[in-house]
S.K.: 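Quick one: the structure is below, and I'll ask about it shortly.
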Amino acid sequence: MAASAAVAGRQYGDQEVRVAPNPVARPAPGEAIGHSRFRSYESGLSQKWQQELVQKIIAMVSQPAGWNSYGAPPLRRDTAMFALEVLNSIMQPRTPVPAVVQSGIGVQFEWHERGIDLELHITAPYEWEIWFEDHHAEHEPVSDALSNNFGPAKTAVAILTRR
């Protein structure tokens with residue numbers, strides 16, 4: 001499901017996040033996938049985590065159909081762009097770089113450190129879930145489906161970064 005023009009400029013708490021509409025989310029069979037949008041996105045990156053994760057995301061979008069031996073499609077471009085927008089909105093300068101895991105229907109960012117387990121599973125633009133557990137029991141666990149509310153993810157990353 002591509003982000004519509006109506007959704008593209010929504011406000012998320014105190015920060016606006018823009019996701020450009022993508023009228024063609026998937027190439028036709030046999031059509032080469034152009035990565036010009038990713039390359040232009042990549043050229044403006046200033047932080048090391050951004051450069052590293054954009055490369056991983058590009059590789060996921062470039063996967064052949066059936067990459068996991070179960071017939072999974074490559075990561076959709078609109079989902080990849082939304083995932084990068086989520087990270088740009090929630091990451092702080094000292095936040096550890098997450099592990100990036102491609103799933104059969106999306107991408108997952110994981111942090112398992114500092115006594116915290118945090119996972120963000122993004123399946124499509126505005127369709128994602130958060131799982132957060134603090135093993136020091138200082139904060140309540142969170143398991144929730146999210147759409148345009150980045151607040152729980154920002155809070156969880158802030159806790160991880162401070163610890």
Side-chain angles (χ1 to χ4, degrees), residues 2-3 5 7-22 25 33-63 74-103 105-163:
V7 173
R10 286 194 175 164
Q11 291 282 338
Y12 302 101
D14 60 358
Q15 180 177 358
E16 183 177 273
V17 177
R18 294 199 177 275
V19 177
N22 182 1
I33 299 174
H35 297 293
S36 60
R37 285 183 61 197
F38 288 111
R39 296 291 180 214
S40 63
Y41 187 94
E42 186 179 25
S43 67
L45 303 179
S46 60
Q47 301 205 23
K48 183 178 179 185
W49 72 263
Q50 292 172 320
Q51 296 166 1
E52 181 180 327
L53 295 184
V54 166
Q55 289 300 316
K56 289 180 181 182
I57 297 292
I58 288 172
M60 291 176 186
V61 171
S62 302
Q63 291 277 19
L75 180 64
R76 290 181 8 199
R77 288 183 286 168
D78 60 338
T79 302
M81 293 300 290
F82 180 73
L84 292 170
E85 291 297 329
V86 167
L87 285 179
N88 276 327
S89 296
I90 66 172
M91 292 287 282
Q92 298 177 3
R94 296 184 51 227
T95 303
V97 176
V100 182
V101 180
Q102 186 172 5
S103 70
I105 58 170
V107 62
Q108 190 160 311
F109 300 112
E110 300 182 6
W111 295 263
H112 301 287
E113 56 192 282
R114 302 178 181 178
I116 291 177
D117 289 326
L118 172 58
E119 299 180 5
L120 304 175
H121 188 210
I122 301 167
T123 55
Y126 304 101
E127 294 178 18
W128 54 305
E129 298 174 301
I130 182 173
W131 296 284
F132 171 81
E133 185 172 359
D134 177 2
H135 296 285
H136 296 169
E138 295 174 13
H139 303 279
E140 291 294 317
V142 176
S143 178
D144 203 3
L146 303 173
S147 58
N148 63 350
N149 180 6
F150 286 40
K154 283 183 178 184
T155 300
V157 166
I159 292 167
L160 174 70
T161 304
R162 281 193 308 265
R163 187 169 292 165

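Any value given below was found using the heavy atoms of this structure, including those in side chains, with hydrogens, waters and symmetry copies removed.
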S.K.: Once you round to the nearest 0.5 Å, how far does OG1 of Thr155 lie from CZ of Phe150?
M.R.: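 One gets 13.0 Å once the value is rounded to the nearest 0.5 Å.
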S.K.: Show, in sequence, the C-alpha distance, side-chain angles and deciding distance for Ile159 and Leu118, and conclude whether the side chain to side chain contact (heavy atoms under 4.5 Å, CB included) test is met.
M.R.: CA-CA 10 Å; Ile159 292 167; Leu118 172 58; over 6 Å; no
S.K.: Are Pro98 and Leu53 close enough that some pair of their side-chain heavy atoms sits under 4.5 Å apart?
M.R.: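 The answer is yes, as the side chains (C-beta and beyond) meet within the 4.5 Å cut-off.
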S.K.: Which heavy atom of Trp111 sits nearest a heavy atom of Thr95, and at what distance?
M.R.: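 Heavy atoms of Trp111 and Thr95 come nearest at NE1-CG2, 4.0 Å.
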S.K.: For the residue pair Tyr126 and Phe82, categorise the inter-ring angle as parallel (less than 30°), tilted (30 to 60°) or perpendicular (more than 60°).
M.R.: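 Answer is tilted, since the angle falls between 30° and 60°.
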S.K.: So, for Ile130 and Ala156, which heavy atoms are closest and what is the spacing to 0.1 Å?
M.R.: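 Heavy-atom minimum between the residues: CD1-CB, 4.1 Å.
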S.K.: Return the minimal non-hydrogen interatomic distance between Arg76 and Ala124, and the atom names on each side.
M.R.: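 Closest heavy-atom pair between Arg76 and Ala124: NH2-CB, 4.2 Å.
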S.K.: Main chain of Leu160, side chain of Arg114: is a donor-acceptor contact present, judged purely on distance under 3.5 Å?
M.R.: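 Yes; judged by distance alone, with no hydrogens or angles, the pair exists.
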S.K.: Does the side chain to side chain contact (heavy atoms under 4.5 Å, CB included) test come out yes or no for Val86 and Phe109, once each step is laid out?
M.R.: CA-CA 10 Å; Val86 167; Phe109 300 112; 5.8 Å; no
S.K.: If only side-chain N and O atoms count, and only distance matters, is there a donor-acceptor pair under 3.5 Å linking Glu110 with His112?
M.R.: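 There is such a pair between these side chains.
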S.K.: Rounded to the nearest 0.5 Å, what separation is found between the CZ atom of Arg77 and the CD1 atom of Ile57?
M.R.: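 Taking CZ in Arg77 and CD1 in Ile57, the distance rounds to 14.5 Å.
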S.K.: For residues 138-148, pull every pair meeting salt bridge (charged side-chain N to carboxylate O under 4.0 Å, His left out), keeping only residues two or more places apart or in separate chains.
M.R.: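 For residues 138-148: Glu138-Arg163.
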S.K.: Using 0.5 Å steps for rounding, measure from the CG atom of Asn149 to the NZ atom of Lys154.
M.R.: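 With rounding to 0.5 Å, CG (Asn149) is 9.5 Å from NZ (Lys154).
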S.K.: Calculate, to the nearest 0.5 Å, the distance between atoms CD1 and CD1 belonging to Ile105 and Ile122 respectively.
M.R.: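 If I round to the nearest 0.5 Å, the distance is 12.0 Å.
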S.K.: Nearest 0.5 Å, what's the CG-NE2 distance between Leu146 and His121?
M.R.: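 With rounding to 0.5 Å, CG (Leu146) is 13.0 Å from NE2 (His121).
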S.K.: Do Asn88 and Gln50 have side chains that get closer than 4.5 Å, going by heavy atoms?
M.R.: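 They are in side-chain contact.
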S.K.: Where is the tightest heavy-atom contact between Gln63 and Pro74, given as atom of each residue plus distance?
M.R.: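 Heavy atoms only, the tightest pair is O-CB, 3.1 Å.
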S.K.: Could you tell me which non-hydrogen atom of His135 sits nearest to which non-hydrogen atom of Ile116, and how far apart they are?
M.R.: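 His135 and Ile116 have their closest heavy atoms at CD2-N, 4.3 Å.
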S.K.: To the nearest 0.5 Å, how far apart are CG in Leu84 and OG1 in Thr79?
M.R.: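 If we round to the nearest 0.5 Å, Leu84:CG and Thr79:OG1 are 11.0 Å apart.
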S.K.: Can you name the nearest heavy-atom pair linking Glu52 to Val97, along with the distance?
M.R.: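 The answer is OE2-CG1, 3.8 Å.
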S.K.: Are any non-hydrogen side-chain atoms of Glu85 and Pro125 less than 4.5 angstrom apart?
M.R.: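 No, every pair of side-chain atoms sits at 4.5 Å or beyond.
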